[in-house]
Amino acid sequence: MSVPPTPSKDFIREIIDEDLSSGKHDGTVTRFPPEPNGYLHIGHAKSICLNFGIAQEYGGRCHLRFDDTNPTKEDVEYVDSIKEDIQWLGFDWGDHIYFASDYFEKLHEWAVGLIEEGKAYVDEQSAEEIRKGRGDLQNPGTDSPHRDRPVAENLEMFQRMKDGEFGDGEKVLRAKIDMAHPNLNMRDPVLYRILHAEHHRTGDTWCIYPMYDYTHGQSDALEYITHSLCTLEFENHRPLYEWFIENLPVPSHPRQIEFSRLSLNYTVMSKRKLLQLVEDSHVSGWDDPRMPTISGIRRRGYPAEAIRDFCKTIGITKFKSTNDISLLESSVRDVLNRGANRYMAVLDPIKVVVTNYPEDQVEEFDAMINPEKPDLGMRKVSFSRELFIERNDFLEDPPKKFFRLAPGAEVRFRCAYFLRCDDVIKDEEGKITELRCTYDPETRGGENPPDGRKVKGTIHWVSAKHALDAEVRLYDRLFTHESPDNVEGSFLDHLNPDSLEVISHAKLEPNLAAVPVGKTVQFERLGYFCVDLDSSEEKPVFNRTVALRDSWANAQNKS
RNA sequence: AACUCCAUGGUGUAACGGUAGCACAACAGAUUUUGGUUCUGUUUGUCAAGGUUCGAAUCCUUGUGGAGUUGCCA
């Protein structure tokens with residue numbers, strides 16, 4: 001009897017297992033805490049899959065919490081798009097949606113408590129002076145001249161800060177920890193700053209706003225988060241996270257654990273750079289199908305399931321790795337191969353005239369909707385005397401092992417007939433305009449003929465008079481450099497000039513007219529394509545999601 | 001010559017002191033009415049040097065390489 005292998009767990013799930021078996025916790029609560037200041041990208045998907053995934057696996061829950069402590073950068077527009085993206089990824093926070101701004105009152109109360117205990121003080125140095133006083137990586141900082149201000153005075157000043165008596169930047173509230181601490185985050189970090197800004201939820205109720213460090217852990221504690229999972233750059237913040245938890249009357253003691261953020265080659269992930277791509281019109285918007293944003297990926301036609309699979313395969317570690325985009329594409333192809341319906345479409349058409357086929361005759365052939373799902377049955381495709389095939393499916397002077405059409409050669413037209421090419425018609429410039437072929441009636445439906453003749457190649461086609469005209473957008477990687485983040489000069493210097501190719505008159509099988517916006521299908525032998533939201537009844541528009549694996553093209557590129 | 005963290009094939013990830021495995025990629029073959037899918041097989045790896053141990057990717061020491069941190073951003 002074979003024992004099924006126990007799937008290995010990442011270090012975070014191992015910690016959770018220990019905490020559960022040791023009785024430290026009797027449940028698991030995680031949270032996904034985006035700041036509503038931009039669109040989510042695939043890096044966030046990793047965190048979403050981790051946090052919501054753990055909640056599902058452990059029968060716990062995952063909160064969606066907006067980290068909205070900086071009103072100068074945030075907006076409801078982003079709140080909405082973030083919610084949409086998480087739902088699209090297939091996750092549900094139920095009733096557990098929170099905002100850090102909901103805790104402003106409690107956070108303020110606790111700050112007053114810190115002052116009363118002599119653990120916080122109002123500093124009135126300028127930002128520049130505070131920066132200087134902090135010291136640097138090699139040297140300890142120096143105490144602020146206001147560090148030992150009496151409690152009563154601190155209390156009064158903090159109240160006046162809150163009451164709006166000071167301008168932005170005039171005063172801050174600082175924790176009194178240790179100006180010589182080797183960890184810079186512990187050198188009397190700022191807790192509150194003055195910001196006379198309208199907050200998208202609290203309006204003008206506040207003019208002092210808590211900093212991330214002072215907000216995050218306490219929000220976790222207030223929500224009884226057990227494991228607060230964040231990316232590696234917060235590692236140095238953990239001592240401070242714990243300092244607050246230990247020095248404040250919080251209702252629970254969450255634990256911060258850091259993991260490596262996602263990076264992918266041939267793209268950029270930072271909000272700043274993505275914003276620049278949008279603002280400088282290198283892409284059409286946040287949802288441009290070339291963008292690594294969730295909305296871009298969705299518009300590109302990547303299924304949510306593929307993103308989840310991908311996040312599962314890359315795992316969770318503390319190693320700062322760069323994932324190959326082919327790993328993602330493999331997940332996409334895998335999901336799409338199983339689920340996408342098949343159709344025929346010709347992107348770069350060349351006309352074929354079947355000389356021995358009657359002028360007005362039309363036949364309908366059956367074709368599988370999806371060979372991976374035979375239950376779906378068949379679709380009808382119309383065949384007639386004039387057809388379109390892919391220009392690169394014909395070669396006048398074919399190399400060895402070329403299984404497609406060539407003068408005198410015979411191939412199968414998928415689900416239709418065997419056709420032999422008799423004649424090549426060219427214009428004055430020598431460009432091929434038409435192929436004249438003959439079909440073998442004995443191969444109806446694409447069956448092998450009674451004489452046992454076989455062909456190596458099967459090509460796709462579309463009947464000329466039935467064909468649907470469409471725009472097809474072919475996408476390639478946005479950058480030519482493997483790590484555009486890591487180059488001399490600007491990342492923009494390495495933009496791929498050919499990342500978008502528009503084909504305005506592709507020829508589609510008419511069944512494709514019924515495919516709804518957002519649905520991804522397979523164009524046989526070419527790849528997966530999805531209907532773009534620019535699509536209209538008069539002018540269908542398809543995005544290429546990802547090409548099929550193409551071992552023939554691979555071999556050709558090599559030689 | 002600060003602190004913290006990290007290091008396993010080309011890429012990503014397992015192995016919890018006991019046979020270095022899996023996925024992707026690549027290559028070869030079989031099947032195929034998609035040069036797709038599927039199946040089979042092959043190539044490639046423990047950063048280095050010491051130490052502990054019967055036995056080390058794993059523990060210890062030192063070195064090397066990489067990342068993060070000097071916002072009143074998150």
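Only heavy atoms go into these numbers, but all of them, side chains included; no hydrogens, no water, no symmetry mates. Lettering follows sequence order; numbering is per chain, from 1.
Contacts of A:Glu442 classified as side-chain contact (heavy atoms from CB on, under 4.5 Å), with partners at least two apart in sequence or in another chain: A:Asp440, A:Pro449, A:Pro450. The salt bridge (charged side-chain N to carboxylate O under 4.0 Å, His left out) test applied to A:Arg160 returns A:Glu156, A:Glu165, not counting sequence neighbours.
The salt bridge (Lys or Arg N to Asp or Glu O under 4.0 Å) analysis of residues 228-245 of chain A, with sequence neighbours excluded, yields the pairs A:Glu233-A:Arg261, A:Glu235-A:Lys318, A:Arg238-A:Glu258.
Evaluation of atom-type donor-acceptor distances gives no pair under 3.5 Å for the side chain of A:Arg238 against the base of B:U4.
Put simply, A:Thr313 has no side-chain N or O that comes within less than 4.0 Å of OP1 or OP2 on B:U13.
Between A:Phe234 and A:His237, the ring planes are perpendicular. Angles over 60° get that label, and only those under 30° would be called parallel.
Centre separation under 5.5 Å together with a plane angle under 30° holds for the ring of A:Phe403 and the six-membered base ring of B:G35, marking them as stacked.
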Secondary-structure string, 5' to 3', Watson-Crick or G-U under 3.5 Å, | for another-strand partners, for RNA chain B: .((((((..((((....[..)))).(((((.......)))))....(((((..]....))))))))))).....

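For A:Phe319, whose side chain is taken as the heavy atoms from C-beta onward, the closest listed nucleotide among B:G35, B:U34, B:C6 is B:C6.
Annotation: cation-pi geometry satisfied between A:Arg477 and A:Tyr266 (NZ/CZ under 6.0 angstrom from ring centroid, within 45° of ring axis). Annotation: cation-pi geometry satisfied between A:Arg201 and A:Phe99 (NZ/CZ under 6.0 angstrom from ring centroid, within 45° of ring axis).
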In 5'-to-3' order, the base (B), backbone-only (S) or no-contact (-) status of each nucleotide in nucleotides 67-74 of chain B, using a 4.0 angstrom heavy-atom cut-off, is SBBBSBSB

Per-nucleotide protein contact along nucleotides 25-33 of chain B, 5' to 3', at a 4.0 Å heavy-atom cut-off (B base, S sugar-phosphate only, - neither), is SSS-----B

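Checked by atom type and distance alone, the side chain of A:Glu447 never pairs as donor or acceptor with a backbone atom of A:Arg444 at under 3.5 Å.
Among the atoms of the strands shown, only primed sugar atoms or phosphate atoms (P, OP1, OP2) are found under 4.0 Å from some heavy atom of A:Thr322.
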